[in-house]
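For clarity, every value in this text was computed on a predicted model and none was experimentally measured. Naming: A, B, ... by sequence-line order, numbering from 1 per chain. Any value given below was found using the heavy atoms of this structure, including those in side chains, with hydrogens, waters and symmetry copies removed.
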Amino acid sequence: MRKFFDKAATLVFWGTALALGALLAGVLGFVANRGWSAISWEFIFEPPRDGMTAGGIWTPFVGTLELIVVSMAATVPVGVGTGLYFSEYATDSFFTHVLRQSIRALAGVPSVVFGLFGLSLFVIFLGFGSSMLSASLTLACLSLPLMVTASEQAFRAVPQDYRDASYALGATKWQTIRKVVLPSAASTIITGVILSIGRVAGETAPIIFTGAAFYTPDVAQSLFDEVMALPYHVYVLSTAGTNIEATRPLQYGAILVLVGLVLGISSIGVWMRTRLTREK
Amino acid sequence: MDKTESDLDLPQVRTQNLDLYYGADRVLRSLNFDIPRGCVAAFIGPSGCGKSSYLRCLNRMNDFISGARVEGRVLIDGEDIYASGVDVIALRRRVGMVFQKPNPFPMSIYENVAYGPRLFGVKDRETLDETVRSSLEGAALWNEVKDKLNTPGTGLSGGQQQRLCIARAIATEPEVLLMDEPTSALDPLSTSRIEELIRDLKSRFTVAIVTHNMQQAARISDYTAFFLLGELVEYGTTSQIFTVPVDKRTEDYITGRFG
């Protein structure tokens with residue numbers, strides 16, 4: 001009987017893992033199948049034309065990259081810094097308890113709420129207007145809880161032995177963090193960055209009110225320009241385009257590029273992580 | 001630091017009425033003894049007797065334990081290391097430590113040894129190269145690793161890792177070297193290499209070693225301290241402790257009646 005349960009458990013867990021894999025493969029296959037015909041050099045390197053019924057996705061493609069870079073530039077230092085604070089400096093007090101809980105709660109807030117928050121704080125109150133900067137900062141807020149949690153975990157996973165050895169050699173706390181704790185945690189932090197990028201790249205709701213353009217002919221040149229972004233572009237084409245049916249291949253093509261972009265960034269991250277791990 | 005003749009005659013580590021508390025627990029009770037310069041002092045006793053806690057008093061690693069509090073004095077080269085205004089960072093540079101489990105940093109062999117000197121601002125490549133070489137030689141590891149200094153320290157065997165940690169500790173040229181059961185995670189062959197090394201090291205450093213292994217204490221130390229329940233039961237030359245112990249409890253412990 002025990003043997004039966006053991007076998008059954010193995011089967012169930014193996015099955016769930018398989019189902020997840022199949023689901024991912026299914027989605028990728030579906031997108032690739034529908035979108036593949038649209039993919040060409042022109043599709044990627046040309047801006048949308050003819051009321052977005054023809055042409056490519058260059059403008060939203062670059063816009064998404066810009067949003068990723070600017071939002072990561074904001075979220076990584078703040079997230080890693082906060083993670084560092086929680087792991088290395090914070091003592092167990094009511095104050096830090098409240099802080100932790102707030103960050104956890106923040107992770108559960110729907111993305112559209114972040115969008116409205118960004119609208120009132122960055123767009124209106126701080127006067128950045130509807131711009132790449134506002135949209136990126138809103139996305140940064142959205143990915144911050146993930147970044148904080150991931151880096152705190154990363155720092156906590158650094159063995160105490162390393163810290164002891166460093167202190168025993170006469171290192172200060174900051175020297176220990178900079179030379180031992182941060183490098184040891186780097187590979188795990190990179191995982192957090194990848195997850196954040198995946199989240200940021202695919203979001204639509206937070207950027208609709210804060211900086212995403214329905215259509216701009218040019219790639220955004222400054223932080224205060226509006227940007228087109230792939231997910232919003234797809235949303236626009238499929239709900240508000242001038243000819244929704246005719247642009248189906250464009251929509252699937254854009255999704256395929258978005259998925260490819262996220263997977264591409266992930267694999268760079270995985271590669272960097274294995275390199276860092278190997279150096280140890 | 002200028003040392004006069006009389007400084008050198010003084011014991012290097014003097015412990016005077018030392019009490020250590022973890023919160024309300026009194027972990028060490030009124031310890032009084034001296035460790036002379038250039039010798040190996042071994043601390044033996046059953047688990048939980050306070051010997052490791054005592055060792056960590058000597059480089060103030062107990063400072064990291066919340067609720068830890070010290071009363072009494074520890075003088076190293078005549079300076080009370082618990083006096084107010086003592087620079088703990090400078091103290092740890094003078095008092096190196098090797099831990100129970102080999103704990104090289106996840107860096108290259110070279111960077112592991114250069115870590116201490118770099119902390120104190122040594123940047124000159126030649127000076128660093130020289131320090132790394134002499135420290136690895138001092139730790140009897142140079143010949144095994146000289147051709148792979150840029151490979152990870154964690155790729156070495158356990159015994160080599162521990163010698164790397166010794167090299168790292170002596171690279172800052174401490175005066176006292178603390179060792180907390182440095183061979184308890186190692187095989188017999190690696191253990192005997194480290195013991196040999198410790199005997200060599202005492203010409204340059206005063207070595208304080210905690211060990212669970214009484215034969216080891218007998219083999220390598222000049223002085224032995226027997227701890228029990230936070231008290232120093234007996235302290236004397238190793239030959240005296242192992243042949244004619246004064247206290248009945250010491251005799252019982254070294255003859256294996258308890259422990």
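Inter-residue side-chain proximity for Leu58(B) and Met97(B) is flagged as unmet; no heavy-atom pair is nearer than 4.5 Å.
Residues Glu173(B) and Arg204(B) are not paired through a salt bridge, judged by the lack of any N-O separation under 4.0 Å between the basic side chain and the carboxylate. Between Asp180(B) and Lys51(B), no side-chain nitrogen of the basic residue sits less than 4.0 Å from a carboxylate oxygen of the acidic one, so the salt-bridge criterion is not met. For Arg199(B) and Glu195(B), the salt-bridge test fails: no basic side-chain N is under 4.0 Å from an acidic carboxylate O. A salt bridge links Glu152(A) to Arg100(A): one of the charged nitrogens lies within less than 4.0 Å of a carboxylate oxygen.
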Might you work through the side-chain contact (heavy atoms from CB on, under 4.5 Å) test for Met147(A) and Met72(A), ending with a clear yes or no?
-> CA-CA 10 Å; Met147(A) 205 58 238; Met72(A) 285 303 119; 5.5 Å; no
Going through the checks in order, is the side-chain contact (heavy atoms from CB on, under 4.5 Å) test met by Leu201(B) and Met179(B)?
-> CA-CA 12 Å; Leu201(B) 287 173; Met179(B) 297 183 149; 4.2 Å; yes
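Scanning residues 156-169 of chain B against chain A with a 4.5 Å non-hydrogen threshold yields Arg168(B), Ala169(B), sorted by number. The stretch residues 116-125 of chain B places Arg118(B), Leu119(B), Phe120(B) near chain A, each with some heavy atom under 4.5 Å from a heavy atom of that chain.
For the residue pair Thr183(B) and Gln216(B), a side-chain donor N or O sits within less than 3.5 Å of a side-chain acceptor on the partner. Judged purely by distance below 3.5 Å, without hydrogens or angles, the side chains of Tyr54(B) and Thr15(B) pair a donor atom with an acceptor atom. Residues Ser143(A) and Ser196(A) have side chains that never bring a donor and an acceptor to within less than 3.5 angstrom of each other. When only modelled atom types and interatomic distance are considered, Tyr115(B) and Ser166(A) share a side-chain donor-acceptor pair under 3.5 Å.
Val95(B) touches chain A through its backbone: at least one of N, CA, C or O sits under 4.5 Å from a heavy atom, while the side chain does not. For chain B, no part of Thr91(A) is nearby; none of its heavy atoms comes within less than 4.5 Å. For a residue to count as touching a neighbouring chain, one of its non-hydrogen atoms must lie under 4.5 Å from one of that chain's; by this rule Pro174(B) does not touch chain A.
Looking only at heavy-atom pairs under 4.5 Å with chain A, the residue among Arg92(B), Glu111(B), Arg56(B) that has the most is Arg92(B). Chain A forms more heavy-atom pairs under 4.5 Å with one residue of Asn103(B), Asn59(B), Val88(B), Asp87(B) than with any other, namely Asn103(B).
In plain terms, the two heavy atoms of Ala201(A) and Ile68(A) that are nearest each other are CB-CD1, 3.9 Å.
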